[in-house]
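Read the structure below first, then the notes.
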Amino acid sequence: MQRDSTLVRRLGIEHPIIQAPMAGGANTVDLVAAVCRAGALGFLGCAYSSPDVIRETAAAVRARTERPFGLNLFAPQQILDASGDAGRMVGALKDVHAELSIAPPSLPAASELVFADQLRAVLDTEASVFSFTFGLLPSGAVDELRARGLFVIGTATTVDEAIALDAAGVDAIVSQGSEAGAHRGTFGPSFEAAMIGTMALVPQIVDAVSVPVIASGGIMDGRGVAAALALGAEAAQLGTAFLTCDEAGIPAAYKQAIIDAREDQTRVTRAFSGRPARGIVNRLMADIDADADAILPFPLQNALTRPARTAAATQDRAEFLSLWAGQGVRLSRRLPAEELVKEIVWETATALDRAGWHKSASAPAPPTAPDS
Ligand SMILES: Cc1cc2nc3c(=O)[nH]c(=O)nc-3n(C[C@H](O)[C@H](O)[C@H](O)COP(=O)(O)O)c2cc1C
């Protein structure tokens with residue numbers, strides 16, 4: 001299946017399937033190693049990891065598999081002047097902290113993670129792919145990554161963003177449709193205007209750029225992968241589909257919430273992190289969104305809500321977690337990751353076969369230009 005696609009060949013994998021990087025603990029070493037073993041590309045989302053943790057986790061993956069794997073970071077963010085109302089936000093979280101029996105909320109210090117240090121750690125690892133989201137990389141970074149032999153992938157939510165990434169010299173582009181789980185990768189002027197579905201976004205990006213495109217957003221099974229390939233993508237990147245795998249490092253209550261969710265139960269919110277992201281609606285999201293003007297910019301809001309989310313994970317309380325998930329939730333299945341990849345590969349082949357017009361005697365001839 002698509003073994004001869006340029007992208008699949010250059011990534012050194014067997015199938016056009018990528019397990020999305022998912023910062024925050026979902027992509028464990030076990031998950032990444034299992035996905036790689038199955039012939040797909042496993043990814044570690046390292047945006048919230050210190051340089052030491054990035055080096056250690058990548059080494060742990062390498063100890064488990066000889067196969068290619070990827071690392072992912074958030075492009076450096078312009079720290080926005082504090083908008084929102086810190087006092088009101090802290091106040092809004094008081095009752096939640098009390099319910100979780102943790103110390104009252106307080107305004108956190110800015111994160112100590114420095115992108116340049118994280119990138120240096122990435123360069124020290126044996127990963128063969130690097131992807132990023134939320135923008136463009138600082139000047140020189142793409143060249144440095146490529147010089148070290150890494151295949152570099154950027155993330156776009158509009159055609160303009162894809163063109164900017166292409167001009168910046170990336171090797172491939174993830175087209176992130178509005179169905180996608182978790183943070184929007186948008187770095188253009190408007191998040192609202194960049195809510196474009198995968199079906200519309202992929203072919204428009206394919207037509208506009210010179211590098212391979214990876215479809216992402218709402219793809220949960222082989223029908224989705226086959227559709228992505230038909231739209232001109234050379235691979236599909238799936239996040240939510242891997243969250244309910246046995247090896248995914250999220251709380252049991254989060255996995256159950258995904259299994260139980262319907263396609264109309266997610267929404268894009270700034271409640272948890274300050275940046276628009278798609279998740280299953282729950283009590284904490286609804287409470288914070290009720291006073292949306294008080295929400296702080298990313299990453300301050302993320303740091304402020306983290307103690308509650310961490311405690312909720314320990315206590316397995318879905319109502320206070322950020323339940324990131326895409327609109328394909330109803331198609332989730334609980335499986336070991338290797339089995340999931342195998343099923344998706346089989347489904348993709350079946351879907352492509354079923355759609356195989358080229359084999360039918362009644363296949364239409366290519367259109368010719370009308371007589372003038
Ligand atoms: C829990 C979760 C965390 C994510 N974290 C990252 C991340 O750290 N970096 C990134 O580039 N994309 C991240 N994404 C977005 C994925 O790369 C991808 O665009 C998305 O999962 C595709 O939509 P789907 O969830 O419907 O498959 C995350 C997605 C999820 C569900």
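Keep in mind the model is a prediction, meaning the values are calculated, not measured. Basis for what follows: all heavy atoms, side chains included, without hydrogens, waters or symmetry-related copies. Here, residue 1 is the first one in the sequence, and each next residue gets the next number. Whatever order the structure lists ligands and atoms in, that order sets their numbers, starting from 1.
Nearest protein neighbour of atom 6 (C) of ligand 1, counting heavy atoms only, is Pro21 O, 2.9 Å. Shortest contact from atom 22 (C) of ligand 1 to any protein heavy atom: Ser216 OG, 3.1 Å. When only non-hydrogen protein atoms are considered, atom 17 (O) of ligand 1 lies nearest to Gln237 NE2, 3.0 Å. For atom 11 (O) of ligand 1, the nearest protein heavy atom (residue, atom name, distance) is Asn72 ND2, 3.0 Å. For atom 27 (O) of ligand 1, the closest non-hydrogen atom of the protein is Gly239 N, 2.9 Å. The protein non-hydrogen atom at the shortest distance from atom 8 (O) of ligand 1 is Ala23 N, 3.0 Å.
For the pair Val345/Thr348, no side-chain contact is recorded, criterion being any heavy-atom separation below 4.5 Å from C-beta on. Side-chain contact check for Thr157 versus Phe191: every heavy-atom pair is 4.5 Å or farther apart. Using a 4.5 Å heavy-atom threshold, the side chains of Leu31 and Cys245 count as touching.
Which parts of ligand 1 touch Leu238 is read off a 4.0 Å heavy-atom cut-off, strictly below it: atoms 27 (O). Ligand 1 places these atoms under 4.0 Å from at least one heavy atom of Ala182: 2 (C), 3 (C), 4 (C), 28 (C), 29 (C), 30 (C). Interface of Gln176 with ligand 1, defined as ligand atoms under 4.0 Å from a residue heavy atom, comprises 15 (C), 19 (O). Counting the atoms of ligand 1 from 1 in the order shown, those under 4.0 Å from a heavy atom of Gly326 are 26 (O). Shown in contact with Thr133 at under 4.0 Å from a heavy atom are these atoms of ligand 1, numbered in order with element: 9 (N), 10 (C), 11 (O). Near Thr240, with a cut-off below 4.0 Å to any heavy atom, the atoms of ligand 1 are 24 (P), 25 (O), 26 (O), 27 (O). Listed by number with element, the atoms of ligand 1 under 4.0 Å from a non-hydrogen atom of Ala20 are 16 (C), 17 (O). Residue-ligand proximity, Gly218 to ligand 1, at heavy-atom distances under 4.0 Å covers atoms 23 (O), 24 (P), 26 (O).
The shortest heavy-atom distance from Ala241 to ligand 1 is not under 4.0 Å. Heavy-atom distances between Phe132 and ligand 1 stay at or above 4.0 Å for every pair. Ligand 1 lies within reach of Gly217, whose nearest heavy atom is under 4.0 Å from it.
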Stepwise salt bridge (charged side-chain N to carboxylate O under 4.0 Å, His left out) check, Glu14 with Arg9
CA-CA 8 Å; Glu14 288 172 50; Arg9 204 172 48 242; over 6 Å; no
Worked check of salt bridge (charged side-chain N to carboxylate O under 4.0 Å, His left out) between Asp30 and Arg64:
CA-CA 8 Å; Asp30 282 353; Arg64 298 280 301 279; 2.6 Å; yes
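Taking the six-membered ring where the residue is Trp, the centroids of Phe272 and Trp324 are separated by under 6.0 Å. Ring-centre distance between Phe74 and Tyr48: below the 6.0 Å cut-off.
At a threshold of 4.5 Å between side-chain heavy atoms, the hydrophobic network of Ile, Leu, Val, Met, Phe, Trp and Tyr places Val129 and Leu71 in two separate groups.
Around the CD atom of Glu126, the shell of radius 6.0 Å holds no more than 12 heavy atoms that belong to other residues, nucleotides or ligands.
Counting only distance, with no hydrogens or angles, the side chain of Arg283 and the backbone of Phe320 share no donor-acceptor pair below 3.5 Å.
Heavy-atom proximity to atom 15 (C) of ligand 1, evaluated over Ser175, Gly185, Gly181, is greatest for Gly181.
By the criterion of a heavy-atom distance under 4.0 Å, neither the backbone nor the side chain of Ala47 is placed next to ligand 1.
Contact check on Arg270 versus Asp289 returns no salt bridge, with no Lys/Arg side-chain nitrogen under 4.0 Å from an Asp/Glu carboxylate oxygen.
Figure legend: Arg275 and Phe134 shown as a cation-pi pair, the cationic atom lying under 6.0 angstrom from the six-membered ring centre and within 45 degrees of its axis.
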